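As structure tokens, the structure follows; a few thoughts come after it.
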Amino acid sequence: MLIIFDAVIFIYGVYTIYSSIKMKQTGELSNFFTGGSTDLIRDKRGYIDYIYGRTIVLGAVAAVFGVIGFINDYMAPLPYLMKVMVVLFLTVVIWFSININRAKRNFW
């Protein structure tokens, strides 16, 4: 059962990185980072530039968390590393949500 959780977290991380890179290349906002509303944004390029690196960090941490979770569950127990990764993942998610709110205040 945990393999599904590990896979979802890993896929989420990879998709976050992919969406961020695509958004940066095309200059078009992804609904993944805006919650679906892109009509009222004042500075689309500024928002993309602000959020780009932060989404790469979030995606990378999520992908690594998924891989380490899989290794922990099916190959070799890594209890201390998993505790560190859980704290790191939750910290990055909170940090990212704060930055999304800040970006919406500045660029919407």
Side-chain angles (χ1 to χ4, degrees):
M1 184 66 180
L2 289 178
I3 193 167
I4 294 171
F5 181 73
D6 297 333
V8 167
I9 294 291
F10 175 76
I11 291 168
Y12 170 78
V14 171
Y15 184 73
T16 300
I17 293 169
Y18 166 78
S19 294
S20 181
I21 291 170
K22 184 177 176 188
M23 187 173 59
K24 182 77 167 176
Q25 290 174 343
T26 64
E28 294 298 318
L29 289 172
S30 169
N31 288 341
F32 187 68
F33 301 114
T34 62
S37 116
T38 61
D39 298 337
L40 304 174
I41 191 162
R42 291 176 294 144
D43 183 7
K44 189 186 303 187
R45 178 53 60 189
Y47 180 80
I48 291 170
D49 291 340
Y50 180 83
I51 209 71
Y52 174 72
R54 291 160 175 86
T55 56
I56 296 293
V57 170
L58 175 67
V61 169
V64 169
F65 182 69
V67 169
I68 291 176
F70 177 80
I71 292 169
N72 180 63
D73 294 339
Y74 295 100
M75 297 174 129
L78 306 166
Y80 297 112
L81 182 57
M82 277 307 294
K83 288 177 185 175
V84 169
M85 286 306 299
V86 167
V87 170
L88 176 64
F89 182 69
L90 292 176
T91 302
V92 168
V93 167
I94 292 167
W95 167 79
F96 185 75
S97 67
I98 290 168
N99 279 286
I100 285 284
N101 288 332
R102 187 174 297 148
K104 285 185 178 183
R105 278 196 312 269
N106 292 336
F107 299 104
W108 247 258

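Below, each value reflects all heavy atoms present in this structure, side chains not excepted, and no hydrogens, waters or symmetry copies. Quantities reported herein were computed from a predicted structural model and do not represent experimental measurements.
With rounding to the nearest 0.5 angstrom, the CD1 atom of Ile51 is 10.0 Å from the CZ atom of Arg102. The OH atom of Tyr80 sits 12.5 Å away from the CG atom of Asn72 when rounded to the nearest 0.5 Å. To the nearest 0.5 Å, the span separating CD on Gln25 from OH on Tyr52 amounts to 7.5 Å. Between the CD1 atom of Ile9 and the CD1 atom of Ile4 there is a distance of 13.0 Å, given to the nearest 0.5 Å.
Apart from Ile98 itself, the hydrophobic cluster it occupies contains Ile94, where clustering links Ile, Leu, Val, Met, Phe, Trp and Tyr at side-chain heavy-atom distances under 4.5 Å.
No donor-acceptor pair under 3.5 Å is formed between the side chain of Asp43 and the backbone N or O of Phe107.
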side-chain contact (heavy atoms from CB on, under 4.5 Å) between Asp6 and Ile71, worked out:
CA-CA 9 Å; Asp6 297 333; Ile71 292 169; over 6 Å; no

Evaluation steps, side-chain contact (heavy atoms from CB on, under 4.5 Å), between Tyr47 and Asn106
CA-CA 8 Å; Tyr47 180 80; Asn106 292 336; over 6 Å; no

Could you give me the CA-CA distance, side-chain angles and deciding distance for Leu58 and Tyr12, then say whether side-chain contact (heavy atoms from CB on, under 4.5 Å) is met?
CA-CA 10 Å; Leu58 175 67; Tyr12 170 78; 3.3 Å; yes

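Of all the heavy atoms in Glu28 and Met23, the pair that sits closest is O-CG, 3.1 Å. Closest non-hydrogen pair, Ala62 versus Gly13, comes out as CB-CA, 3.7 Å.
Using a 4.5 Å heavy-atom cutoff, the side chains of Phe89 and Val64 are not in contact.
With sequence neighbours excluded, the residues that form a side chain to side chain contact (heavy atoms under 4.5 Å, CB included) with Leu88 are Val61, Met85, Val92. Legend: residues meeting side chain to side chain donor-acceptor pair (under 3.5 Å) with Asp49, ordered by chain and number and at least two apart, are Lys24.
Listed by first and then second residue, the side-chain hydrogen bond (donor to acceptor under 3.5 Å, both in side chains) pairs involving residues 87-99 are Tyr50-Asn99, Arg54-Asn99 (not counting sequence neighbours). Residue pairs meeting the salt bridge (Lys or Arg N to Asp or Glu O under 4.0 Å) criterion with at least one member in residues 87-101, sequence neighbours excluded, do not occur. Identified under the salt bridge (Lys or Arg N to Asp or Glu O under 4.0 Å) test for residues 79-96, with sequence neighbours left out: none.
Cluster membership for Leu81 and Val87, using ILVMFWY side-chain heavy atoms within less than 4.5 angstrom, is not shared. Val67 and Val84 are not part of a single hydrophobic cluster, where members link through side-chain heavy atoms under 4.5 Å apart.
Heavy atoms from other residues, nucleotides or ligands lying under 6.0 Å from OH of Tyr18 number 12 at most.
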